[in-house]
Every structure is written in structure tokens, then in C-alpha cells.
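Chain letters run A, B, ... following the sequence lines, proteins first, then strands; residues in each count from 1.
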Protein chains: 2
Amino acid sequence: MTTANPTNSLAVEDLGSAAQRDRRKRILDATIALASQGGFDAVQMRAVAEKADVALGTLYRYFPSKIHLLVSALHREFERTETALRDKPVEGDTTADRVITVLKRTTRGMQSDAQLTEALTRAFMFADASVAAEIHQVGMLLTSMLTHAMYPEGHEVTDEDVQIARVIGDVWLSALVGWVTGRNSAAETGQQIEVAVRLLLRD
Amino acid sequence: MTTANPTNSLAVEDLGSAAQRDRRKRILDATIALASQGGFDAVQMRAVAEKADVALGTLYRYFPSKIHLLVSALHREFERTETALRDKPVEGDTTADRVITVLKRTTRGMQSDAQLTEALTRAFMFADASVAAEIHQVGMLLTSMLTHAMYPEGHEVTDEDVQIARVIGDVWLSALVGWVTGRNSAAETGQQIEVAVRLLLRD
DNA sequence: GACGAAACTGGAACGTGTTCCTAATCTAGT
DNA sequence: ACTAGATTAGGAACACGTTCCAGTTTCGTC
């Protein structure tokens with residue numbers, strides 16, 4: 001899956017020079033700042049470029065589209081969340097409780113910045129095949145977060161566990177989309193997730 | 001929920017004159033024709049207007065955005081599917097079997113026109129709050145399809161049944177998005193749905 | 001330190017969704 | 001049939017994502 005990657009496509013893991021890493025960071029910072037302030041529509045490529053102090057062409061060299069940009073931002077945010085979560089063990093007696101705790105905490109975090117969440121979620125859902133790589137990474141991160149919640153310490157994770165985690169991830173995403181688009185309230189969103197988890201993890 | 005609706009917003013249920021109903025139909029026909037031929041990107045508002053033999057301004061009078069247009073098209077298609085399904089009783093011994101049958105049949109139908117499905121699904125997922133009404137209708141239709149599959153004949157439907165149906169609908173949508181964006185193969189999509197249904201409906 | 005390649009800047013230009021305006025046409029009420 | 005009001009046609013204009021280009025700067029190599 002690791003394709004040859006000579007000089008272009010700095011988007012994923014290629015580090016580049018310090019200046020390049022710094023540019024990339026500035027771009028993602030600008031993206032998130034604009035997104036938190038005005039959501040998906042406020043993340044305008046010209047505005048991102050200006051705020052990141054980078055030419056428009058350079059922005060496109062780093063991120064080939066607005067969607068790539070936002071999904072990459074989502075990835076970075078998610079990584080932050082995941083490492084923060086990885087440290088402290090999750091409280092809760094049953095797998096269901098732990099998963100619900102983790103998901104609700106994450107959801108609450110996202111709901112505290114509705115605009116940002118709207119921007120990132122919409123981008124994630126709108127992504128087409130050209131963003132498959134980045135999407136896949138985010139999906140893996142989410143699944144891993146969930147299996148971690150299911151089994152706190154290096155417990156074996158079966159195929160079925162992964163399947164369940166994936167289903168839960170799907171429901172979580174759908175619920176988030178429902179919330180972002182104003183179809184569900186925050187309470188309904190939490191309930192929707194809880195229902196799904198309890199149905200899927202009744203052991 | 002039925003707000004006053006004097007003259008505008010013909011999009012949902014307002015019938016209007018025969019000529020207007022005909023225009024609306026021509027627009028949706030053109031939309032679906034373009035979508036099945038070239039997917040989301042091929043549904044260009046100028047192209048739809050021309051193909052439907054309608055001015056651009058008129059198109060926007062009937063459907064206030066491309067997303068509204070595509071979601072309305074999805075709604076019409078879904079209604080067609082649902083009434084077609086409603087007739088013949090679903091075969092299958094268990095609830096899980098019946099639900100899987102219905103979903104797989106529907107999925108197969110959609111996969112047979114990949115471009116159309118891509119267009120409609122992406123629109124559905126990209127929709128923002130302003131499309132909430134149309135989205136909600138489609139969601140209700142889907143839930144009703146699923147509860148119908150669970151209980152063939154006028155059997156009572158509990159709250160939990162509806163919740164389960166909703167979860168299944170979420171998973172189905174996520175799976176569809178995965179397929180549409182080239183992340184999952186058709187086989188994986190089917191499997192993903194089957195896994196979720198069997199987990200949720202093990203009685 | 002000089003050279004060539006790659007990256008960056010600044011900005012023009014293009015495509016498509018959306019808005020807006022004017023003139024022509026249709027519809028309802030008399 | 002006539003008129004007022006609503007609807008539609010036709011098309012210009014604007015916004016933002018994206019592409020492209022010419023000139024400048026940075027970077028690796030000798």
C-alpha cells in the first residue's frame with residue numbers, strides 16, 4: 001500500500017524540510033481556525049492561504065483539494081484525541097460502558113466546537129475516491145480507538161470485535177452527520193449511539 | 001410541521017398546476033439521466049435546465065440548490081423502490097434474513113447504476129441543515145422499509161424495533177458511502193451490512 | 001561559492017453553483 | 001376580452017474551488 005512517493009504529496013506522512021513541516025502546520029492551523037469560526041463554508045482556499053501566509057499554489061501543492069485539506073485536518077485532530085485518550089485507562093465495568101464513555105466524551109468534545117465539527121464531518125462524508133487513503137487512515141484510527149475502549153489492556157482483539165467496532169464507528173458517523181445537519185439534537189445523538197452500542201455489545 | 005406554504009417551495013408536496021407538475025417531473029428526469037450518465041459532477045445546473053427545457057432561474061425556483069435537487073431525486077427514486085417492494089411479501093424465515101434480503105436487493109439495484117448512486121448518495125451526505133426536511137423524509141422512508149421487512153404483515157412495531165431499524169439504516173448508508181467512494185468493493189459492502197444486521201437482529 | 005532543480009509567490013484565468021435583472025408569457029378574476 | 005400579478009425565459013454577473021504561468025527564492029550538489 002506504500003506507493004513510491006518521490007517528492008510530491010506531502011499530505012500524508014512525508015516530512016520534508018523543517019520549513020515544509022512548518023508550512024504544513026501553519027496551513028492546518030489556519031484551516032482549523034477558519035473552520036471553528038465559520039464552518040465548512042468559511043474554509044475558503046484563498047483565506048486559508050492568506051492566513052497561513054502561503055501562496056494559493058503552494059496550498060494546492062500541499063493539499064490537492066479543499067476536501068483533502070479538511071480530511072487531513074480531521075486526521076490531525078483525531079490523532080490528538082486518540083493519544084490523549086490512550087493515556088488514561090477508560091473507566092467502566094462492561095465493554096459497552098467503556099465504549100459509550102469514550103464515544104460520548106469524544107462526541108462532547110466535538111459538539112463543543114460545532115462549526116469545526118460541521119466542517120470536518122461534511123468533508124469526510126463528501127470525500128470521493130481520490131481521498132480514500134486519508135479516509136482510510138481516519139477510519140483505522142477510529143476503529144482502533146473503539147477496540148481500545150472495548151479491551152483496556154493488550155487483550156486479544158478478534159475479527160468479530162473489529163467488525164463490531166466498525167459498525168459502531170458507522171453509527172457514530174451517521175449520528176454525527178445527523179447532528180451536524182441539524183436533524184438530531186445533541187441529546188438524541190448521544191442516545192442514538194448508546195442504543196447502538198448496547199445492542200451490539202450485550203455480553 | 002406543515003408550515004404555511006403560499007406559492008413558493010414546490011419542492012416537497014405542493015402540486016401546482018399541471019404544467020408545473022410536468023416541469024418538476026422533467027427536471028427530476030433530467031437530473032437522473034445526467035446523474036446516471038456521469039455522476040454527481042455531471043449534474044450541472046445549466047445542463048439540467050437545458051435538458052429539462054427550463055430556464056436556469058426556473059430550475060432554482062423549483063429546487064433551491066443542487067443538493068435539494070439531488071435529494072429530491074433520491075426521494076422520488078426511493079419512493080419507487082419502496083412501493084415496488086411493498087407489494088410482494090419478503091421471503092425469509094427470520095427477521096434478520098428478511099432485512100438482509102431487502103437491503104441486499106436494494107443495494108444491488110443501486111449498484112447496477114453506480115454513477116446515479118454516487119450522485120444521490122454524495123448529495124445526501126453533503127446536505128446541510130437547509131435540506132433537513134427532505135432528508136428526514138428519505139430517512140423515514142428507509143426506516144419504514146426496514147420495519148416492513150422485519151414484520152411482513154401489520155405486526156406491531158415497538159420503539160426498539162424502530163431504533164434497530166435506524167441503526168441498520170445508518171450502517172447501510174455508511175456502507176453505501178464506502179462503496180460509492182471506492183473504499184469498499186460491492187462484496188465487502190454486502191458483507192458489512194449482513195454483519196451488522198446479524199449482530200443487531202439475533203433473536 | 002556557483003549552478004541547476006525544485007519549491008514558492010503573486011496573481012490571472014477558468015468552470016460551475018448561485019443570484020439577479022428585464023422582458024415575455026401565462027393565469028385568475030372581472 | 002382585459003388587466004394585474006405571478007411565473008418563466010434568457011442571460012449577465014458574482015463567488016469560490018481549481019488550474020496555470022512567470023518570476024523569485026530556496027535547496028542540494030559540485
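Here Val43(A) lies in heavy-atom contact (under 4.0 Å) with sugar-phosphate atoms only.
If you measure from atom CZ of Arg61(A) to atom C1' of dA5(C), you get 11 Å, rounded to the nearest angstrom. In this structure, the CD atom of Glu50(B) is 13 Å from the C1' atom of dA9(D), given to the nearest Å. Nucleotide dA9(D) holds its C1' atom 12 Å from the CZ atom of Arg26(B), rounded to whole Å. dC14(C) atom P lies 21 Å from atom CE of Met45(A), rounded to whole Å. With rounding to whole Å, Asp128(B) atom CG is found 16 Å from dG17(C) atom P. One can place OH of Tyr62(A) at 18 Å from P of dT19(D), the figure rounded to the nearest angstrom. The distance between atom CG of Leu56(A) and atom C1' of dT19(D), rounded to the nearest whole Å, is 9 Å. Rounding to whole angstrom units, CG of residue Asp53(B) and C1' of dG10(D) are separated by 12 Å.
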task: Verify salt bridge (charged side-chain N to carboxylate O under 4.0 Å, His left out) between Arg166(B) and Asp161(B), making sure each step is shown before the conclusion.
output: CA-CA 8 Å; Arg166(B) 225 164 4 207; Asp161(B) 293 332; over 6 Å; no
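Interface remark: the Arg46(A) side chain does form a donor-acceptor pair with the dT18(D) base, using a distance-only criterion of under 3.5 Å.
Between the side chains of His68(A) and Ser65(A), at least one donor N or O sits under 3.5 Å from an acceptor N or O. At a cut-off of 3.5 Å, with distance as the only test, a side-chain donor of Ser36(A) or Asp113(A) sits close to an acceptor on the other residue.
Proximity of Gln20(A) to the phosphate of dC27(D): no side-chain N or O atom is located under 4.0 Å from OP1 or OP2. Look at Tyr60(A) and you won't find any side-chain N or O under 4.0 angstrom from OP1 or OP2 of dC8(C).
The two residues Ala196(B) and Val167(A) have their closest heavy-atom pair at CB-CG2, 3.9 Å. Taking both residues in full, the closest heavy atoms of Ile135(B) and Ala127(B) are given as CD1-CB, 3.6 Å, listed atom of the first, atom of the second, then distance.
For the helix from dG1(C)-dC30(D) to dT30(C)-dA1(D), the axis fitted to the five pairs at one end and the axis fitted to the five pairs at the other end meet at an angle of 20° (nearest 10 degrees).
Among the nucleotides dT8(D), dT18(C), dG10(C), the one closest to any side-chain atom of Ala55(A) is dG10(C). Among the nucleotides dC27(D), dT18(C), dC8(C), the one closest to the side chain of Lys66(B) is dT18(C). When distances run from any side-chain atom of Thr58(B) to the nucleotides dT16(C), dC8(C), dT8(D), the shortest one goes to dT8(D). The side chain of Val54(B) lies closest to dA9(D), out of dT18(C), dA9(D), dC8(C).
For the pair Glu91(A) and Arg105(A), the salt-bridge criterion is met [side-chain N within less than 4.0 Å of a carboxylate O].
Each of Arg23(B) and Gly57(B) lies near DNA chain D, and the nucleotide nearest Arg23(B) is the one positioned closer to the 5' end. Comparing Ala19(B) and Asp41(B) by the nucleotide of DNA chain C that holds the closest heavy atom to each, the one mapping nearer the 5' end is Asp41(B).
Under the side-chain contact (heavy atoms from CB on, under 4.5 Å) criterion, Phe126(B) pairs with Phe40(A), Arg122(A), Phe126(A), Ile67(B), not counting sequence neighbours.
For the pairing with Arg76(A), the side-chain hydrogen bond (donor to acceptor under 3.5 Å, both in side chains) check across Thr31(A), Asp29(A), Thr81(A) returns one residue only, Asp29(A).
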